Amino acid sequence: MNSFKFRHPELDDILSFKSIDSTNLEAKRRRSEFAGRNFLLIANEQTHGKGQHGRHWDSGAGLGLWLSLFLSRPGYLEHHLQLLSLYTGIIIQRVLATLIENDIYLKWPNDIMIGSRKCGGVLTEVQWVGDSAVSATIGMGINLEHQTADFPPSIRKSAISLRQAGWHKPDPDLLLDQLLDEFFGNIVLLDRPKELTQEWNEHAFRINDSVQWIINNRMVEGQFLGISETGEAQILVEGKLTHFRSGEIRLVNHE
Amino acid sequence: MNTKDIEQLIALLEKSSISEIEIAKWGKRIRVSRNTGNVLVKSSGLGDAALPAAAPVITTETSAEEESSLQGIAVKSPMVGTFYRSPSPDVDPFIKVGDHVRKGDTLCIIEAMKIMNEVEAEMSGVILDIQIDNAQPVEYGQTLFLIEP
């Protein structure tokens, strides 16, 4: 396990695990203990890494950066949390763009792409009591060391690691350090939706392309026009501009 | 939309000669109107923050109270989104009718903008009713559950 010696002023503590089911799950299990503070949880291996709606996220030992930010310090939850997931994608995009030469894209809603292959993802969960958000748990997974055989056969053609993308010796400490600095240093972007969504669209995967989407179990063809200022996906379906804020929306033909 | 935004709207209204301002932002609609000397704030839609009422302000949710013959305290949706009873399609729901829940237990997920919003129980009690089906759209302020404390 890497020893993350540094501290960050916006973090109360960093907890590292050799192996854990999921850093998001651990953060949420301990949310009463963590209340009012910001934590980073990082794991060498996640045995039940999670994507959206409980989908499995393959996060093998020593192969990637698997972490969760748990945010509950006063002030953090006053930002516009609706854009937190998109914001986190932008932060990862910015950092990776300084480390590797390939184009890094953001694929709706939460995937980080190198070329047309997925190298990472974000899972944001916000905890509510009544009308108030009490904490936010942001899971990030970034593939670092994988060679082809390290990926399960089903995703070998669609996944990529930073090593495969040309960063020969990926340095998780350096990557984490930069991610935290960017994340905490730019958090006011959450309150500048126009700027934030514009930046997201500048790096949007297959923007303006014809794509197929799964919307509430129905497949539709449409043209992806990026996201609106409120973070909704804008899709032109049969000449009609449609906004989607929730439901199952998935870009499927990304090859 | 936070308290400061609403205070600014109220100040704007008070300075002006108009009787009503309505703006939509972040999926939430806020209407501030002059009404026999009072300023009334109405909000609906995506709840991105609690709306504590300033002194002269009456805050009203637009959703009507659900008609129900069951007693119990309503747990309402803090935002517009899609309601999910379980963390993933192939596992058991967080709760069923008749379950005892403890304060802080997760009751459901409201998904919006690809953020999984987990609604926690504000009190311990027994789930009397679940008033919405899985994977259905939900409005701000809509009753999700009834809990008998």
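Excluded from the calculations below are hydrogen atoms, water molecules and symmetry mates; all remaining heavy atoms, backbone and side chain alike, are included. No experiment lies behind these values; they were computed from the predicted model shown.
Taking non-hydrogen atoms and a 4.5 Å limit, the residue list of residues 84-92 of chain A in contact with chain B, ordered by number, reads A:Leu84, A:Ser85.
A side-chain N or O of A:Gln46 and one of A:Thr23 form a donor-acceptor pair less than 3.5 Å apart. If you check the side chains of A:Thr47 and A:Asp21, you find no donor sitting under 3.5 Å from an acceptor. Side chain to side chain, A:Glu10 and A:Tyr76 meet the donor-acceptor criterion of an N or O pair below 3.5 Å. A side-chain donor from one of A:Gln212 and A:Glu221 sits under 3.5 Å from a side-chain acceptor of the other.
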What side-chain donor-acceptor pairs closer than 3.5 Å can you find for residues 93-107 of chain B, not counting sequence neighbours?
residue, atom, partner, partner atom, Å
B:Asp99, OD2, B:Lys96, N, 2.8
B:Asp105, OD2, B:Arg102, N, 2.8

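Between the side chain of B:Asn117 and the backbone N or O of B:Ile115 there is at least one donor-acceptor pair closer than 3.5 Å.
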